[in-house]
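First comes the structure, then the notes that go with it.
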Amino acid sequence: MEREQKPGRRALLGAAALGAGAMALSGAGTATAAETQTAPGAAAGASGRGHELPVPTVIGHRGASGYRPEHTFGSYQLALDMGADIIEQDLVPTKDGHLVCRHENDITATTDVSAHPEFADRKTTKTVDGTKLTGWFTEDFTLAELKTLRAKERIPGNRQRNTLYDGRWEVPTFEEVLQWAEREGRERGRRIWLYVETKHPTYFRKLGLGLEERVAKLLRRYGRHRKDSALFLQSFEPSSIQRLRKLVDTPAVVLLSTINSRPWDFVEANDPRTVADLVKPEGLKWIASYAQGIGPDLSVIIPRTPDGKLGTPTSVVKDAHAAGLILHPYTMRNENTFLPADFRRGSDPNAYGDAFGAFKAYFATGIDGIFSDNADTALLAAADFRK
């Protein structure tokens, strides 16, 4: 049963639920002119400008990937221009240790690498976090080599219109994104929030390409290593967040996959706990000891029934807030194929369904924000809960 809340109470709940996270996200100024506003949870009287991040918060998932090829400056810029509160980056390393923005280290589907005969011999088969993959991988390319490639739409069958932009943008580095965010912040007179994920950190550490130290180095270089920095760190591996917490004070979120899954670092360490264990009160208390929030799969918030419809919301939102954690679940998309069955419209899997209805159901649970490929849709839906 949906738990309806008054929008005003939702804003208060979001700020209160930050708990220790709110304290971590509030405070005095930072190193750059782009980071001058009050952070979420900070009192309005402290600066006269109120809360910086509205609740519910809209996170541009890989930018505006519903409209542009993901993790490109075309996608990031559009999400920012649409008004997304935070823009997400996923980080993987190159052979020579640079951090680049790709959802996966397998770049077969997201670049034109297969059309480059000079890289034909780089195609290989690897096992990444227990999954066997054949393709081209970032760790086999130098940054200079990657920069000769161009990005393309990852799921052209679903988003044919996005293929119009294939080849327009190169693969961005994380440092280039930090520089972009600084420029945009100066031009707009406000901080540009980023949401940064370490991808497959255990896998890369075994290759001698540890992510956390590289991320921390860049965060320090650009003044985003503080408790009040306009950036969230995130990872599906709790140990990666724990490692990052020893290097920087930047707020952090533990990502959680489906309810019966196990984080890959748990698999490697023979830790038997599953996501189901981590969203119990004791598991959430453990996460709260080193992180400010969780980013669960939406099915952890509202499970789907056997016929694919939304079922009854779980107690995860209430329990996480009780532990002082914020919740930023993922991922809402407008197309029928990605929506719960009760919000699909018509027979075309790639047509838009009742995304607003689905957003309403998720926001009504009390979540503090959501990742979405369609920031414009998410913002309109969130507005009804922000008043």
Side-chain angles (χ1 to χ4, degrees), residues 62 71 88-107 110 122 124-133 135-147 171-179 181 194-227 229 231-257 262-271 273 278 286-287 289-295:
R62 310 175 200 171
H71 289 312
E88 185 201 31
Q89 296 78 45
D90 298 320
L91 303 185
V92 293
T94 64
K95 183 178 181 179
D96 48 349
H98 294 276
L99 295 175
V100 295
C101 301
R102 292 287 88 189
H103 176 55
E104 294 291 343
N105 53 323
D106 181 356
I107 55 173
T110 61
R122 306 282 178 94
T124 187
T125 298
K126 300 188 178 193
T127 299
V128 181
D129 293 2
T131 301
K132 195 172 184 179
L133 303 168
W136 288 265
F137 299 83
T138 58
E139 64 267 26
D140 296 330
F141 291 79
T142 65
L143 178 59
E145 289 172 332
L146 272 184
K147 284 294 189 179
V171 175
T173 68
F174 181 42
E175 184 163 22
E176 288 169 343
V177 171
L178 290 168
Q179 293 169 348
L194 304 176
Y195 222 123
V196 178
E197 181 181 349
T198 56
K199 300 292 296 191
H200 311 297
T202 295
Y203 169 84
F204 286 120
R205 184 161 295 279
K206 287 184 175 181
L207 296 180
L209 292 168
L211 298 177
E212 294 83 4
E213 294 81 4
R214 290 173 168 83
V215 170
K217 182 178 180 180
L218 285 171
L219 293 183
R220 289 185 175 280
R221 182 178 299 170
Y222 289 89
R224 289 179 178 258
H225 61 290
R226 300 177 174 87
K227 290 182 179 180
S229 293
L231 188 144
F232 286 101
L233 294 166
Q234 57 175 336
S235 183
F236 280 101
E237 296 188 17
S239 62
S240 182
I241 296 300
Q242 291 172 318
R243 188 181 297 272
L244 283 162
R245 298 303 291 164
K246 295 177 181 178
L247 300 171
V248 293
D249 294 323
T250 312
V253 168
V254 174
L255 297 172
L256 301 171
S257 189
R262 289 167 68 198
W264 185 252
D265 54 342
F266 283 19
V267 174
E268 293 270 351
N270 294 316
D271 186 328
R273 288 178 296 173
L278 294 179
W286 175 72
I287 291 174
S289 70
Y290 59 88
Q292 285 67 49
I294 58 172

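Computed from a predicted structure; not experimentally measured.
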>> I'd like to check the salt bridge (Lys or Arg N to Asp or Glu O under 4.0 Å) partners of K206; sequence neighbours left out, ordered by chain and number.
In response: E268
> Mind checking what makes side-chain hydrogen bond (donor to acceptor under 3.5 Å, both in side chains) contact with T127, not counting sequence neighbours?
Replying inline: none
> Please walk me through it: do R102 and T110 pass side chain to side chain donor-acceptor pair (under 3.5 Å)?
Replying inline: CA-CA 8 Å; R102 292 287 88 189; T110 61; 3.3 Å; yes
>> Applying side-chain hydrogen bond (donor to acceptor under 3.5 Å, both in side chains), can you list everything that pairs with K147, at least two apart in sequence or on another chain?
In response: E170, E176
> Does R122 come within less than 4.0 Å of E145, counting only side-chain N to carboxylate O?
Replying inline: yes
>> My understanding is that only residues two or more places apart in sequence, or in another chain, count here; which of them pass side chain to side chain contact (heavy atoms under 4.5 Å, CB included) with S239?
In response: E237, Q242, D265
> With F141, which residues qualify under ring pair (Phe, Tyr, Trp, His ring centres under 6.0 Å), at least two apart?
Replying inline: F119
> What pairs with R273 under side chain to side chain contact (heavy atoms under 4.5 Å, CB included), at least two apart in sequence or on another chain?
Replying inline: F266, D271, D277, L278, W286
> Of all residues at least two apart in sequence or in a different chain, which pass the salt bridge (Lys or Arg N to Asp or Glu O under 4.0 Å) check with R205?
Replying inline: E212, E213
> Within a radius of less than 6.0 Å around NZ of K126, do more than 12 heavy atoms belonging to other residues, nucleotides or ligands occur?
Replying inline: yes
> Quick one: side chain to side chain contact (heavy atoms under 4.5 Å, CB included) partners of D90, sequence neighbours excluded?
Replying inline: R62, H71, E88, H103, E197, K199
>> So, using side-chain hydrogen bond (donor to acceptor under 3.5 Å, both in side chains) as the criterion, who are the partners of R220 when residues are at least two apart?
In response: none
>> Among residues at least two apart in sequence or on other chains, which ones pass ring pair (Phe, Tyr, Trp, His ring centres under 6.0 Å) with F137?
In response: none
>> Between S229 and T250, is the side chain to side chain donor-acceptor pair (under 3.5 Å) condition met? List the steps.
In response: CA-CA 6 Å; S229 293; T250 312; 4.9 Å; no
>> Could you work out, with side chain to side chain contact (heavy atoms under 4.5 Å, CB included) as the rule, every residue matching K246, not counting sequence neighbours?
In response: none
>> My understanding is that only residues two or more places apart in sequence, or in another chain, count here; which of them pass salt bridge (Lys or Arg N to Asp or Glu O under 4.0 Å) with D96?
In response: none
